[in-house]
Amino acid sequence: MANELNNFSEIIAHCKEYGYIFPSSEIYDGLSAVYDYGQNGAQLKKNIRDYWWRSMTQLHENIVGIDAAIFMHPLTWKASGHVDNFSDPMIDNKDSQKRYRVDHLIETFADEQAATGKSEFAKEIITKMEKFLSKDDFVGLKSLIEENNIKCSISGTCNWTDIRQFNLMFETKLGSISGETDTIYLRPETAQGIFVNFLNVQKTGRMKIPFGIAQTGKAFRNEIVARQFIFRMREFEQMEMQFFVRPGTEMEWYNYWKAERLKWHESLGLPAERLRYHDHVKLAHYANAAVDIEFEFPFGFKELEGIHSRTDFDLKQHQELSKKKLQYFDNELNEDGKPYGNYIPYVVETSVGLDRLFLTVISTAYAEEKWTKEDGSEDSRVVLRIPPKIAPYKLAILPLVKKDGLPEIAKGLMNECKQSFHTFYEEKDSIGKRYRRMDAIGTPFCVTIDHQTKEDNTVTIRYRDTMTQERIALNDVRKLINEKISN
RNA sequence: GCGGAAGUAGCUCAAUUGGUAGAGCGAUAGCCUUCCAAGCUAUAGGUCGCGAGUUCGAGACUCGUCUUCCGCUCCA
């Protein structure tokens, strides 16, 4: 019964076999680190997204949702720091196969020189490097490394590859009417779509601080190495909420959301012992506090969600580049009885990867079970214990046999239930085999119509997780399932 | 990106020293009706990841390429 942690390849195979996840463009041999969600996966993903959306917007009266475009004005990425900070030239040492950011490599060397008293020389190196960097002169940079015999700290050699540029953002062209083209980027994060709409939402929604703006959507990063199934994909979906607060209160809200988000993951059925916090020691350029919620994936504890105190970095940057004031007038009275007045709000961000969340749900739910039957023979099943509220199908409706009017009763029940939730109908094969199939795709409830149904209007309901069953009134099915999936 | 391993039917795997592919499960249709996968019958699925080369002949050998997994690496 144990849910092994190292069954990653079984989970991947199961996802493919039961219509959850397919490699993208598989008939053309696939595309590295790109995946498609199948008929069941798309439904599960949507259910997770809806659950998040609802818990953010419907359950918080001061959080509203938007849906910004993937294309954004190129200056957006200048303001956010993506253009300057994420297109670093890299170099590999051929012997140790270790890759370095060129500027880090040279700076480390300069620091070492300075430490041995050659501070003039160190400064000179840095000046040269900056000159080359500003001109994107990779040949010059490489010769700088070679001339100074800068070595790899692992192999101790100076056997370097050519310098290559890795830009994390995907570029594309936006054609204009005049025939000119402008380079635009596929957004590498959804957050900026919220920041640039801050004033629109605040004013039209008459939002009062503190308030949040939530958004789900695709983001794109041209990762050097994208791997581990859907954990790190080049195209992925984020669910982000930016919470705007009065400066000085950000740590209070940071701690609030840190606790709140962990609770939310537990409410999704993720076991507490497989979740943990990981505080960032090295902070990103925009943050004054940051923590990851990590989940124990089949390949170890990895980031699932980030909670960042982004200060006023983003709004301030956008204010500067757009030359539009992104301020809020706070009419609440401070200790002196005066309004807090105009300020750029501080931001606490919660940002979770939907695809990663999908993977946590699947890997938590997946179980291979074996047991001994009463007659002594072995039995087994593969089951997805997906929480009912997010399971793709809620209820399977199964006539015990496909004659004697049982299918008609079953279809009648289905027509009633499908108004409320997603149902599955199946009349082929033995009842046991149909139960197994429903286990494999994670359907939490099955209802069987048998001959007794015709006499007393009762049906058998069978529970996925316990494999137990009981008789209930046909008329109660819809209500009962609704209750089971509503919490 | 580097190193290692792998790729034959939907899945799991076969195919002696190179002689143009099989099984089980699954799927579909029909029969049977039995509340936890395993009753009967029939049918449909593969240019052996892709492309070259060696050879009279390649699923098998060589090279390239794509994809996946593992280890490094990278990761706001």
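Convention: sequence-line order gives letters A, B, ...; per-chain numbering from 1.
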P-based separation of B:G53 from B:U12 [nearest Å]: 32 Å
When rounded to whole Å, the CD to C1' distance for the pair A:Gln317 and B:A76 reads 14 Å
Using the C1' atoms only, state how far B:G26 lies from B:U43, rounded to an integer number of Å. 14 Å
Ring-face cation of A:Arg234 near A:Phe220 (centre distance under 6.0 Å, axis angle within 45°): no
Note on RNA chain B: ranges paired as stems (three or more Watson-Crick/G-U pairs in a row, both atom distances under 3.5 Å) are B:1-7 with B:66-72, B:10-13 with B:22-25, B:27-31 with B:39-43, B:49-53 with B:61-65
Would you mind telling me which of B:A37, B:U33, B:C35 lies closest to the side-chain atoms of A:Ile431? B:C35
How close or far is atom C1' of B:G1 from atom CG of A:Asn222, stated in whole angstroms? 13 Å
Over how many whole Å does the gap from A:Tyr463 atom OH to B:C35 atom P extend? 19 Å
Per-pair distances, 0.1 Å, donor-acceptor, side chain in residues 403-414 of chain A, under 3.5 Å, sequence neighbours excluded:
unit_1: A:Asp404; atom_1: OD2; unit_2: A:His451; atom_2: NE2; d: 2.8

Check step by step if side chain to side chain contact (heavy atoms under 4.5 Å, CB included) holds for A:Tyr254 and A:Val291. CA-CA 9 Å; A:Tyr254 171 77; A:Val291 64; 3.3 Å; yes
Considering only B:A29, B:C36, B:C70, which nucleotide approaches the side chain of A:Phe8 most closely? B:C70
A:Phe301 six-ring face occupied by A:Arg276 cation (under 6.0 Å, within 45°): yes
I want to verify a distance call: between B:U33, B:A76, B:C69, whose nearest atom is closest to the A:Phe229 side chain? B:C69
Residue from A:Lys45, A:Arg356, A:Arg187 passing salt bridge (charged side-chain N to carboxylate O under 4.0 Å, His left out) with A:Glu237: A:Lys45
Say you pick atom C1' in B:C48 and the same atom in B:U41; how far apart are they, in whole Å? 31 Å
Which part of the nucleic acid does A:Lys16 contact within heavy-atom distance under 4.0 Å: base, sugar-phosphate only, or nothing? sugar-phosphate
Nearest-nucleotide wise, let me know which of A:Asp292 and A:Asp439 is further upstream toward the 5' end of RNA chain B. A:Asp439
Return the value, rounded to whole Å, for the distance between atom CG of A:Leu406 and atom P of B:C32. 15 Å
If I take atom NZ in residue A:Lys428 and atom C1' in nucleotide B:A29, what distance separates them, rounded to the nearest angstrom? 7 Å
Does a nitrogen or oxygen in the side chain of A:Ser430 sit under 4.0 Å from OP1 or OP2 of B:C35? no
What nucleic acid atoms does A:Asp450 come within less than 4.0 Å of, heavy atoms only: base, sugar-phosphate, or nothing? base
Spacing of the C1' atoms in B:A14 and B:G7 (rounded, Å): 16 Å
Distance check: side-chain N/O of A:Arg234 vs OP1/OP2 of B:C74, anything under 4.0 Å? no
Output yes when at least one side-chain N/O atom of A:Lys402 is less than 4.0 Å from OP1 or OP2 of B:U33, else no. no
Give me the distance, rounded to whole Å, that separates B:G4 from B:C63 when you measure between the P atoms they each carry. 12 Å
Any donor-acceptor N/O pair under 3.5 Å between B:C69 base and A:Ser9 side chain: no
Taking the six-membered ring for Trp, are A:Tyr18 and A:Tyr20 closer than 6.0 Å centroid to centroid? no
Taking the six-membered ring for Trp, are A:Phe229 and A:Phe231 ring centroids under 6.0 Å apart? no
Given atom CG of A:Asp404 and atom P of B:C32, what is their separation to the nearest angstrom? 11 Å
Toward the 5' end of RNA chain B, by each residue's nearest nucleotide, A:Glu26 or A:Thr460: A:Glu26
If you check every side-chain atom of A:Arg437, which of B:A27, B:C35, B:C11 has the closest atom? B:A27
Nearest heavy atoms of A:Phe358 and A:Gly41, plus distance in Å: CE1-O, 3.3 Å
Spatial distance of atom CD1 (A:Ile150) from atom CG (A:Leu144) [nearest 0.5 Å]: 5.5 Å
Identify whether NZ of Lys or CZ of Arg in A:Arg261 sits under 6.0 Å from the centre of the six-membered ring of A:Trp264 and within 45° of that ring's axis. yes
Nearest-angstrom distance, P atom, B:C32 to B:A23: 29 Å
In whole angstrom, give the distance that lies between atom CG of A:Leu400 and atom P of B:C32. 15 Å
From C-beta outward on A:Asp429, which listed nucleotide comes closest to its side chain: B:A27, B:C35, B:C69? B:A27
Quick one: is A:Lys433 getting a side-chain N or O under 4.0 Å of the B:G26 phosphate, OP1 or OP2? yes
Taking atom types as they are modelled, would you say the side chain of A:Gln469 forms a donor-acceptor pair with the base of B:C35 within the 3.5 Å cutoff? yes
Touch class at under 4.0 angstrom, heavy-atom based, for A:Arg434 against every strand present: nothing
Among B:C35, B:U68, B:U28, the one nearest any side-chain atom of A:Tyr35 is B:U68
What about A:His82, does its side chain sit under 3.5 Å from the base of B:A76 through a donor-acceptor pair? yes
From B:A37, B:A76, B:C69, nucleotide with atom closest to A:Arg221 side chain: B:A76
Considering only atom C1', compute the distance from B:U28 to B:U8 and round it to an integer number of Å. 23 Å
Using atom P in both nucleotides, what's the gap between B:A21 and B:U34 to the nearest angstrom? 45 Å
For B:G45, glycosidic torsion class - syn if within 90° of 0, otherwise anti: syn
Between atom CZ in A:Arg462 and atom P in B:C36, what is the gap in whole Å? 10 Å
